[in-house]
Amino acid sequence: MDTMRERFTAITSRLLDDDPRLAVVLADISADRFTDAARAHPDRVINVGIREQLLVSTGGGLALTGMRPIVHTFASFLVERPFEQVKLDFGHQGTGGVLVSAGGSYDWPAGGFTHMAPGDVALLDTLDGWTIHVPGHPDEAETLLRHAAAAGDDRVYLRLSEQSNAAPRPVDGSGLHTVRQGRRGVVVAVGPMLDNALAAVEGLDVTVLYATTVRPLDTATLRSAAGATDAADVVLVEPYLAGTSSAAAGEALVDLPHRVLGLGVARRELRRYGTIEEHLAGQGLDPAGLRARIADFLGA
């Protein structure tokens with residue numbers, strides 16, 4: 001199976017052939033995967049080199065001309081380093097584009113903390129008007145990419161990961177999808193955390209909701225699912241900073257007595273290398289770690 005990043009570069013190259021409004025802006029990362037596309041569309045595949053502030057500002061400038069820019073690099077260099085450009089050159093200017101990241105929380109542990117971005121979604125969540133997609137499978141990444149590329153002038157962040165669930169789920173760019181139903185609580189699994197979450201709650205009487213679009217949060221489905229349980233206990237399992245969606249979940253349930261547990265990457269610097277699997281275990285995001293914390297929270 002190809003990775004989300006491989007699927008992104010292949011599909012985006014095809015989209016350039018079909019839509020003259022699209023342009024791709026790169027900062028060396030993945031540039032070798034767009035060689036053919038750059039040859040076919042030299043004016044719409046732009047590599048600015050390792051200048052990430054310029055990367056985002058170039059995308060913002062293209063948007064001002066009516067283009068639909070797809071801006072791509074590692075998450076730490078796409079959201080964190082040029083955050084002011086994201087805020088001003090898209091948000092303040094009222095323009096739209098598609099930011100597509102790779103190498104999220106610890107997708108490339110050998111790169112060290114400079115190449116890790118567990119806080120990217122939380123940081124982008126401080127800005128208004130952004131749709132945030134977190135696919136859990138390359139097929140889902142393709143669907144959400146195609147949706148974002150054709151989404152008029154909306155501002156969209158597509159967070160790709162090296163982690164992947166074994167099988168894709170139907171996604172449409174909005175809403176929470178019910179995977180299973182139960183009475184003891186609700187577990188919201190985001191993107192590539194679904195398989196681990198399902199393994200963790202095996203035998204527990206809980207509802208599992210799957211999220212590939214986390215902003216805006218599907219408050220109606222969350223409220224309905226929580227209200228149908230014996231106690232409105234909600235567990236969020238996110239592949240980035242723990243508690244990123246806790247406030248949004250709390251607002252959705254504001255007039256319903258509830259508890260929310262936010263599970264994700266701990267709020268501390270990641271100072272170890274290892275593998276993705278070792279990071280998952282170290283963060284308690286493997287099935288065993290999730291099982292222990294979810295069962296304790298629900299009293300199961």
Side-chain angles (χ1 to χ4, degrees), residues 1-86 89-90 95-117 120 124 133-135 138 140-151 155-164 276:
M1 182 175 69
D2 56 350
T3 66
M4 294 187 203
R5 186 174 164 201
E6 289 169 339
R7 185 71 64 88
F8 156 69
T9 55
I11 295 302
T12 301
S13 295
R14 296 175 200 166
L15 290 174
L16 286 168
D17 295 334
D18 299 332
D19 189 347
R21 186 171 177 245
L22 292 180
V24 174
V25 190
L26 307 167
D28 273 357
I29 301 301
S30 299
D32 58 327
R33 307 184 187 198
F34 282 99
T35 301
D36 292 340
R39 187 178 300 114
H41 308 287
D43 57 335
R44 291 192 289 125
V45 179
I46 303 166
N47 182 11
V48 302
I50 50 174
R51 301 173 180 88
E52 286 81 10
Q53 289 89 341
L54 177 60
L55 169 81
V56 174
S57 290
T58 299
L62 289 169
L64 284 172
T65 72
M67 300 289 286
R68 181 68 169 162
I70 298 176
V71 183
H72 169 66
T73 187
F74 288 154
S76 55
F77 307 142
L78 183 63
V79 177
E80 294 180 339
R81 180 173 293 174
F83 180 69
E84 184 177 15
Q85 281 71 32
V86 173
D89 295 343
F90 283 101
T95 59
V98 186
L99 305 184
V100 181
S101 71
S105 298
Y106 32 72
D107 276 9
W108 187 31
F113 195 56
T114 57
H115 288 64
M116 299 178 183
D120 58 336
L124 201 58
H133 298 310
V134 187
E140 298 169 3
E142 176 178 343
T143 298
L144 295 171
L145 171 64
R146 290 182 180 276
H147 186 276
R155 294 187 286 276
V156 180
Y157 179 48
L158 178 61
R159 189 186 205 261
L160 306 182
S161 177
E162 292 296 315
Q163 294 176 249
S164 179
I276 293 175

Worksheet item: What heavy-atom pair brings His115 and Ser76 nearest, and what distance separates the two atoms?
Response: CA-OG, 3.7 Å
Discussion item. For Phe74 and Trp108, take the angle between the two ring planes, folded into 0 to 90°, and tell me which bin it lands in: parallel under 30, tilted 30 to 60, perpendicular over 60.
Written reply: tilted
Fill in: Atom pair CG/OG of Leu124 and Ser101 - distance to nearest 0.5 Å
9.5 Å
Discussion item. Any heavy-atom pair between the side chains of Arg5 and His72 that's under 4.5 Å?
Written reply: yes
Worksheet item: Can you tell me how far the CE atom of Met4 sits from the CD atom of Glu142, to the nearest 0.5 Å?
Response: 12.5 Å
Fill in: Close side-chain approach of Gln85 to Phe90, heavy-atom, < 4.5 Å
no
Worksheet item: What's the spacing between Leu15 CG and Leu22 CG if we round to 0.5 Å?
Response: 6.0 Å
Worksheet item: Could you state the interatomic distance from CG (Leu55) to CG (Leu78), rounded to the nearest 0.5 Å?
Response: 6.5 Å
Worksheet entry | Pairwise side-chain contact, Arg33 with Glu6, heavy-atom cut-off 4.5 Å (strictly under) | yes
Worksheet item: Do the side chains of Pro135 and Leu158 get nearer than 4.5 Å, heavy atoms only?
Response: yes
Worksheet item: Is Arg159 salt-bridged to Asp120, cutoff N-O under 4.0 Å?
Response: yes
Worksheet item: Under the 3.5 angstrom rule, does the side chain of Arg21 hit a backbone N or O of Ala150 as a donor-acceptor pair?
Response: no
Discussion item. Given 3.5 Å as the limit, does a donor-acceptor pair link the side chain of Arg81 with the main chain of Gln53, or not?
Written reply: no
Worksheet item: So among Val134, Val100, Leu144, Asp107, which one has a side chain to side chain contact (heavy atoms under 4.5 Å, CB included) with Leu160?
Response: Val100
Worksheet item: Any salt bridge between Asp17 and Arg14, counting N to O under 4.0 Å?
Response: no
Fill in: Shortest non-hydrogen contact between Pro82 and Val56, atoms and distance
CG-CG2, 3.6 Å
Worksheet, complete the sentence: In short, Thr9 meets Ser30 closest at the heavy-atom pair CG2-CB, 4.3 Å
Worksheet item: Within a radius of less than 6.0 Å around CD1 of Ile50, do more than 12 heavy atoms belonging to other residues, nucleotides or ligands occur?
Response: no
Discussion item. Just so I know, are the side chains of Asn47 and Phe34 near enough to count as touching, which here means a heavy-atom distance under 4.5 Å?
Written reply: no
Worksheet entry | 4.5 Å side-chain heavy-atom contact, Arg44 and Leu16 | yes
Item to complete: For Ala37 and Ser13, work out which heavy atoms get closest and say how close.
Response: CB-OG, 3.7 Å
Worksheet entry | Rounded distance (nearest 0.5 Å) linking atom CD of Glu80 with atom OG1 of Thr114 | 10.5 Å
Worksheet item: Is His133 close to Leu145 at the side-chain level, that is, under 4.5 Å between some pair of heavy atoms?
Response: no
Worksheet item: Gln163 and Tyr106: which non-hydrogen atoms are nearest, and at how many Å?
Response: OE1-CE1, 3.9 Å
Worksheet item: Nearest heavy-atom pair of Thr95 and Ala63: which atoms, and what distance?
Response: CB-CB, 3.6 Å
Item to complete: State whether the side chain of Ser164 and the backbone N or O of Thr3 hold a donor-acceptor pair below 3.5 Å, judged by distance alone.
Response: no
Worksheet item: Rounded to the nearest 0.5 Å, how far does OG of Ser57 lie from CG of Leu62?
Response: 11.0 Å
